[in-house]
Amino acid sequence: MGKFYQKITNRLKKFIENQKMFFVATAPKEGRISLSPKGMDTFRVLDENTVAWLSVTGSGNETSAHILENKRITIMFCAFEGAPNILRLYGTAEEIIESDAQWNTYIGLFPALPAMRQIFIVKVSSIQTSCGMSIPYYDYKGERNDLNEWAIKKGTAGIDAYWDERNQQSIDGLNTRLTKEG
């Protein structure tokens with residue numbers, strides 16, 4: 001059975017910090033749900049009801065468009081080693097891009113990555129844990145460096161051009177904050 005919490009306890013924080021991967025889910029009012037795996041040491045617990053996630057360049061930018069529309073977000077962690085556990089953070093998010101004043105407040109919390117795109121600050125309203133006894137074991141072999149190598153090869157101008165081409169709108173046609181008006 002699932003158990004709900006109103007804050008991230010020390011035990012839950014430790015579990016989160018030990019995971020190598022997490023999943024981010026958002027959805028527009030109408031349209032496709034976005035659910036994406038994330039990694040690369042890009043998640044931080046800021047306090048018992050606030051977390052931050054550094055988003056790196058991807059083939060789309062669904063989270064940005066969805067957060068602009070309705071702010072809802074769910075982040076899920078699964079134990080792939082050790083005791084079984086699934087943890088979900090439910091909340092609302094604010095997007096911070098490099099031109100925002102708050103960028104410098106948060107960017108130092110993360111490793112410098114060549115494909116950094118935005119930071120999402122999530123106000124966590126509830127936390128749920130569940131058993132995870134059906135989740136298989138997986139061995140962590142390390143981070144992939146493909147995205148970093150791709151971004152370094154593209155350079156800043158190439159990344160900007162990629163954002164113009166691929167990160168301006170969601171797959172359902174909603175604008176992101178990376179738009180020219182952004």
Side-chain angles (χ1 to χ4, degrees), residues 4-28 33-80 85-129 140 142-145 147-148 151 156 159-160 162-163 167 170 174-179 182:
F4 280 92
Y5 300 83
Q6 296 305 306
K7 64 181 185 176
I8 301 169
T9 64
N10 286 334
R11 182 179 62 79
L12 298 177
K13 180 181 178 190
K14 184 176 180 183
F15 173 76
I16 290 169
E17 290 172 343
N18 286 330
Q19 304 316 302
K20 306 290 190 232
M21 182 172 64
F22 59 99
F23 301 84
V24 173
T26 58
I33 296 168
S34 175
L35 174 61
S36 298
K38 307 296 178 186
M40 299 176 71
D41 189 28
T42 58
F43 195 87
R44 299 291 181 270
V45 175
L46 303 181
D47 64 40
E48 62 189 22
N49 288 101
T50 313
V51 299
W53 156 51
L54 174 66
S55 176
V56 295
T57 299
S59 56
N61 198 7
E62 302 306 296
T63 304
S64 176
H66 298 168
I67 295 303
L68 278 174
E69 187 186 60
N70 63 50
K71 300 192 180 303
R72 295 177 308 151
I73 191 167
T74 300
I75 301 171
M76 183 179 77
F77 297 86
C78 297
F80 294 110
N85 192 23
I86 299 170
L87 183 144
R88 292 175 185 88
L89 303 172
Y90 299 99
T92 56
E94 170 192 1
E95 178 185 19
I96 299 169
I97 58 177
E98 191 171 1
S99 61
D100 293 334
Q102 308 98 305
W103 179 265
N104 289 332
T105 301
Y106 296 105
I107 195 59
L109 299 172
F110 302 99
L113 299 172
M116 297 181 296
R117 183 172 58 188
Q118 64 251 109
I119 300 168
F120 291 95
I121 304 301
V122 180
K123 293 297 182 186
V124 178
S125 56
S126 68
I127 301 106
Q128 179 196 28
T129 59
Y140 177 72
E143 296 287 339
R144 296 177 193 258
N145 203 33
L147 178 64
N148 291 334
T156 302
I159 294 290
D160 288 346
Y162 184 85
W163 287 356
N167 286 184
S170 73
L174 299 172
N175 287 336
T176 72
R177 286 214 44 227
L178 294 178
T179 61

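The figures that follow rest on heavy atoms only: side chains count, while hydrogens, waters and symmetry mates do not.
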Quick one: list whatever passes side-chain contact (heavy atoms from CB on, under 4.5 Å) with [X], sequence neighbours left out.
| X | value |
| --- | --- |
| Glu98 | Trp103 |
| Glu48 | Lys7 |
| Ala115 | Val56, Thr57, Leu147, Ala151 |

Rounded to the nearest 0.5 Å, what separates atom [atom1] in [X] from atom [atom2] in [Y]?
| X | Y | atom1 | atom2 | answer |
| --- | --- | --- | --- | --- |
| Ile119 | Gln102 | CD1 | CD | 9.5 Å |
| Tyr5 | Leu87 | OH | CG | 8.5 Å |
| Ser59 | Asn167 | OG | CG | 8.0 Å |
| Met76 | Leu35 | CE | CG | 7.0 Å |

Might you point out which heavy atoms bring [X] and [Y] nearest each other, and give the distance in Å?
| X | Y | result |
| --- | --- | --- |
| Thr176 | Ser170 | CG2-N, 4.4 Å |
| Met116 | Ile107 | SD-CD1, 3.5 Å |
| Arg117 | Ile97 | O-CG2, 4.3 Å |
| Ile67 | Arg72 | CD1-O, 3.5 Å |
| Leu174 | Pro28 | CD1-CB, 3.6 Å |
| Tyr162 | Gly58 | CE2-O, 3.3 Å |

Open item on the list: Applying side chain to side chain contact (heavy atoms under 4.5 Å, CB included) to Phe77 and Leu89, what does each step give before you reach the verdict?
Closed with: CA-CA 9 Å; Phe77 297 86; Leu89 303 172; 4.0 Å; yes

With a 4.5 Å heavy-atom cut-off, do [X] and [Y] have their side chains touching?
| X | Y | value |
| --- | --- | --- |
| Trp163 | Asn61 | no |
| Trp53 | Lys38 | yes |
| Thr105 | Ile96 | no |
| Met40 | Asn148 | yes |
| Ile75 | Val122 | yes |

Would you be so kind as to tabulate the donor-acceptor pairs closer than 3.5 Å made by side chains of residues 13-27, with sequence neighbours excluded?
{"from": "Asn18", "atom 1": "ND2", "to": "Lys14", "atom 2": "O", "distance (Å)": "3.1"}
{"from": "Gln19", "atom 1": "NE2", "to": "Phe15", "atom 2": "O", "distance (Å)": "2.9"}
{"from": "Thr26", "atom 1": "OG1", "to": "His66", "atom 2": "ND1", "distance (Å)": "2.7"}

Open item on the list: Tell me whether the count of non-hydrogen atoms from other residues, nucleotides or ligands lying under 6.0 Å of CG in Asn145 goes above 12.
Closed with: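 Yes, the 6.0 Å shell around CG holds more than 12 heavy atoms from other groups.
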
- [ ] Determine whether more than 12 heavy atoms belonging to other residues, nucleotides or ligands lie under 6.0 Å from atom CG of Leu109.
- [x]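 Counting other residues, nucleotides and ligands, CG of Leu109 exceeds 12 neighbours.
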
Task: Test side chain to side chain contact (heavy atoms under 4.5 Å, CB included) applied to Leu12 and Ile127, step by step - done: CA-CA 9 Å; Leu12 298 177; Ile127 301 106; 4.0 Å; yes

So, [X] side chain and [Y] main chain: donor-acceptor pair closer than 3.5 Å or not?
| X | Y | value |
| --- | --- | --- |
| Ser64 | Arg177 | yes |
| Asn49 | Val124 | yes |
| Asn85 | Thr129 | no |
| Thr92 | Lys71 | no |

Open item on the list: Which residues pass the side chain to side chain donor-acceptor pair (under 3.5 Å) test with Gln128, not counting sequence neighbours?
Closed with: Arg88, Tyr90

Task: Non-neighbouring partners of Arg44 that pass salt bridge (charged side-chain N to carboxylate O under 4.0 Å, His left out), sequence neighbours left out - done: Asp41

